[in-house]
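Here the structure comes first, spelled out in structure tokens, and everything after it is commentary.
None of the values given here were measured: they were computed from a predicted structure.
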Amino acid sequence: MSSTSPSQRTLRQATTWFVALQSEHVAAAERQQFEQWLAASAEHRRAFCEVEQVWGNLDTLKSQDLAELNQARSVRPQRWHHSRQLLSGILLATVLGGAWQEFSTPTTTYQTGIGERRTLALADGSRLEMNTATRLRTRISWLRRDIELEQGEAVFEVAHERWRPFRVHAGKLHISDIGTLFNVRHQDADGTSVAVLEGEVEMRVGSRWLGEPLRAGFSRRLDPEGHWQRQEKVDAEPVLAWTRGQLLFDHTPLADVIKELERYHSLHFVLADASLGRQTLSGRFDATDLQPFLQAVQSILPLRVQRSKDTIVLHKH
């Protein structure tokens with residue numbers, strides 16, 4: 001799921017081609033037409049790949065105890081050719097029905113404003129908590145559970161389902177799991193950070209086939225250029241502090257502290273002296289109430305606060 005997802009028209013074309021190619025009697029001219037259609041655009045290739053994924057995900061349905069399938073499986077050997085046609089027809093009808101349901105599933109967009117948090121309960125039983133200034137899109141279908149985190153931060157508490165994976169797409173990073181608890185933060189300027197608190201996830205960059213595992217108690221960041229940073233140990237307390245409306249700093253450079261505060265408040269911090277940015281700060285602060293923070297920081301660090309309507313200037317004492 002992304003902003004470049006194939007159109008409904010292209011998906012219908014791809015499904016039609018997929019069904020046609022299952023026949024044993026496809027003419028060479030038809031295969032050539034298909035190859036031309038496939039090569040015509042990247043959208044065509046993405047659409048056909050989606051249809052193939054739908055078919056691959058139908059393993060559960062293929063093994064169900066359906067009367068029509070039982071009839072096709074139990075037919076006598078001399079009627080095997082007819083049986084194979086019957087079974088093929090049933091499965092193709094299944095993929096068509098599954099594909100249409102898959103592609104017609106609506107995408108829902110959710111967004112939080114600056115300083116706002118929001119909790120979502122998804123249809124599959126999973127739970128999401130969105131942090132400040134976050135925008136994401138959800139698509140929970142018959143076969144897939146896809147979330148696109150366009151910007152911001154969210155905690156994902158995933159309901160376990162063996163056959164229907166849960167995927168989070170955040171920029172270049174694609175995260176997959178079947179049931180766990182993890183936090184994802186995606187900012188265009190900083191890249192994407194993932195912290196796993198329970199279970200394990202697999203992280204894949206772009207179109208790569210092989211993913212990188214990340215288990216509970218560790219975090220990892222993918223920088224804006226698509227390069228992995230090393231894994232780091234992480235505790236749940238500071239990662240989840242924002243879900244309780246708190247900000248937790250531990251010897252954090254002031255430059256990073258004020259950058260974090262700007263996510264929660266519609267204002268801009270200015271360091272009158274650049275050396276102040278290297279001063280470190282520790283403590284737990286209310287994310288939505290700025291005044292206690294400003295009072296505390298003046299008593300802890302050698303600085304003075306000058307505040308206007310939408311700008312806070314920090315001067316060195």
Is the shortest heavy-atom distance from the side chain of [X] to the side chain of [Y] under 4.5 Å?
| X | Y | answer |
| --- | --- | --- |
| Arg278 | Leu254 | no |
| Leu122 | Ile147 | yes |
| Arg45 | Leu38 | yes |
| Arg167 | His169 | yes |
| Leu303 | Asp273 | no |
| Leu314 | Val305 | yes |
| Thr119 | Leu128 | no |
| Leu214 | Ile175 | no |

Determine whether Gln279 and Lys316 satisfy the following criterion, side chain to side chain contact (heavy atoms under 4.5 Å, CB included), listing intermediate values before the conclusion. CA-CA 11 Å; Gln279 296 282 338; Lys316 192 172 183 179; 5.7 Å; no
Looking at every heavy atom in both [X] and [Y], which two are closest together, and how far apart are they?
| X | Y | value |
| --- | --- | --- |
| Val297 | Leu294 | CG1-O, 3.3 Å |
| Ala236 | Leu197 | CA-CD2, 3.9 Å |
| Glu116 | Gln111 | OE1-O, 4.5 Å |
| Ala287 | Tyr264 | O-CB, 3.6 Å |
| Gly226 | Val205 | O-CG1, 4.4 Å |
| Phe285 | Ala296 | CE2-CB, 3.9 Å |

Would you call the rings of Trp37 and Trp17 parallel, tilted or perpendicular, where under 30° means parallel and over 60° means perpendicular? tilted
In terms of the angle between their ring planes, are Phe166 and Phe182 parallel, tilted or perpendicular, with boundaries placed at 30° and 60°?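 Taking Phe182 first and then Phe166, their aromatic rings stand perpendicular (interplane angle over 60°).
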To the nearest 0.5 Å, tell me how far [X] [atom1] sits from [Y] [atom2].
| X | Y | atom1 | atom2 | value |
| --- | --- | --- | --- | --- |
| Lys172 | His174 | NZ | NE2 | 10.5 Å |
| His44 | Cys49 | NE2 | SG | 14.5 Å |
| Leu149 | Thr134 | CG | OG1 | 6.5 Å |
| Glu232 | Ser193 | CD | OG | 9.0 Å |
| His315 | Gln298 | NE2 | CD | 10.5 Å |
| His265 | Phe293 | NE2 | CZ | 9.0 Å |

Identify whether [X] and [Y] are in the same connected component of the hydrophobic contact network (ILVMFWY, side-chain heavy atoms under 4.5 Å).
| X | Y | value |
| --- | --- | --- |
| Leu271 | Leu290 | yes |
| Val313 | Leu261 | no |
| Leu301 | Phe249 | yes |
| Val201 | Leu222 | yes |
| Trp242 | Met130 | no |

In sequence, state the C-alpha distance, the side-chain angles, and the governing distance for Asp124 and Arg145, and then conclude on salt bridge (charged side-chain N to carboxylate O under 4.0 Å, His left out). CA-CA 8 Å; Asp124 69 321; Arg145 301 178 290 171; 2.6 Å; yes
For Asp286 and Gln246: C-alpha separation, side-chain torsions, deciding distance, then whether side chain to side chain donor-acceptor pair (under 3.5 Å) applies. CA-CA 5 Å; Asp286 189 326; Gln246 299 175 334; over 6 Å; no
State which residues pass side chain to side chain donor-acceptor pair (under 3.5 Å) with Thr112; sequence neighbours excluded, sorted by chain then number.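 By the side chain to side chain donor-acceptor pair (under 3.5 Å) rule, Thr112 matches no residue at all.
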Counting N and O atoms only, with roles assigned by atom type, does the side chain of [X] sit under 3.5 Å from a partner on the main chain of [Y], one being a donor and the other an acceptor?
| X | Y | result |
| --- | --- | --- |
| Arg221 | Asp190 | yes |
| Arg204 | Gly206 | yes |
| Thr252 | Asp250 | yes |
| Thr132 | Gly115 | yes |

Go through it in stages, so that I can follow the logic: the residues are Glu153 and His186, the test is side chain to side chain donor-acceptor pair (under 3.5 Å), and I'd like the CA-CA distance, side-chain angles, deciding distance and then a yes or no. CA-CA 6 Å; Glu153 184 174 20; His186 175 61; over 6 Å; no
Go through it in stages, so that I can follow the logic: the residues are Trp228 and Asp223, the test is side chain to side chain donor-acceptor pair (under 3.5 Å), and I'd like the CA-CA distance, side-chain angles, deciding distance and then a yes or no. CA-CA 7 Å; Trp228 284 118; Asp223 69 24; over 6 Å; no
Set out, in order, the CA-CA distance, both residues' side-chain angles and the distance that settles salt bridge (charged side-chain N to carboxylate O under 4.0 Å, His left out) for Glu260 and Arg185, then state yes or no. CA-CA 12 Å; Glu260 184 71 5; Arg185 177 168 172 171; 2.8 Å; yes
Any luck finding a side-chain donor-acceptor pair between His251 and Thr280 under 3.5 Å?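 No pair is found: no donor N or O on one side chain lies under 3.5 Å from an acceptor on the other.
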Donor on one side chain, acceptor on other, Arg135 and Gln151, under 3.5 Å: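 No pair is found: no donor N or O on one side chain lies under 3.5 Å from an acceptor on the other.
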Side chain to side chain contact (heavy atoms under 4.5 Å, CB included) between Leu181 and Val158: does it pass, once the steps are laid out? CA-CA 6 Å; Leu181 178 68; Val158 181; over 6 Å; no
Using side chain to side chain contact (heavy atoms under 4.5 Å, CB included), reason through Arg118 and Tyr110 one step at a time and then give a plain yes or no. CA-CA 9 Å; Arg118 183 174 182 179; Tyr110 300 95; 3.7 Å; yes
Above 12 or not: heavy atoms from other molecules or residues under 6.0 Å from CZ of Arg215? no
Look at Arg244 together with Glu237 and state whether they make a salt bridge at an N to O cut-off of under 4.0 Å. yes
Where do Glu212 and Arg220 land on the side chain to side chain contact (heavy atoms under 4.5 Å, CB included) test, with the steps shown first? CA-CA 10 Å; Glu212 297 277 346; Arg220 200 169 188 186; 3.4 Å; yes
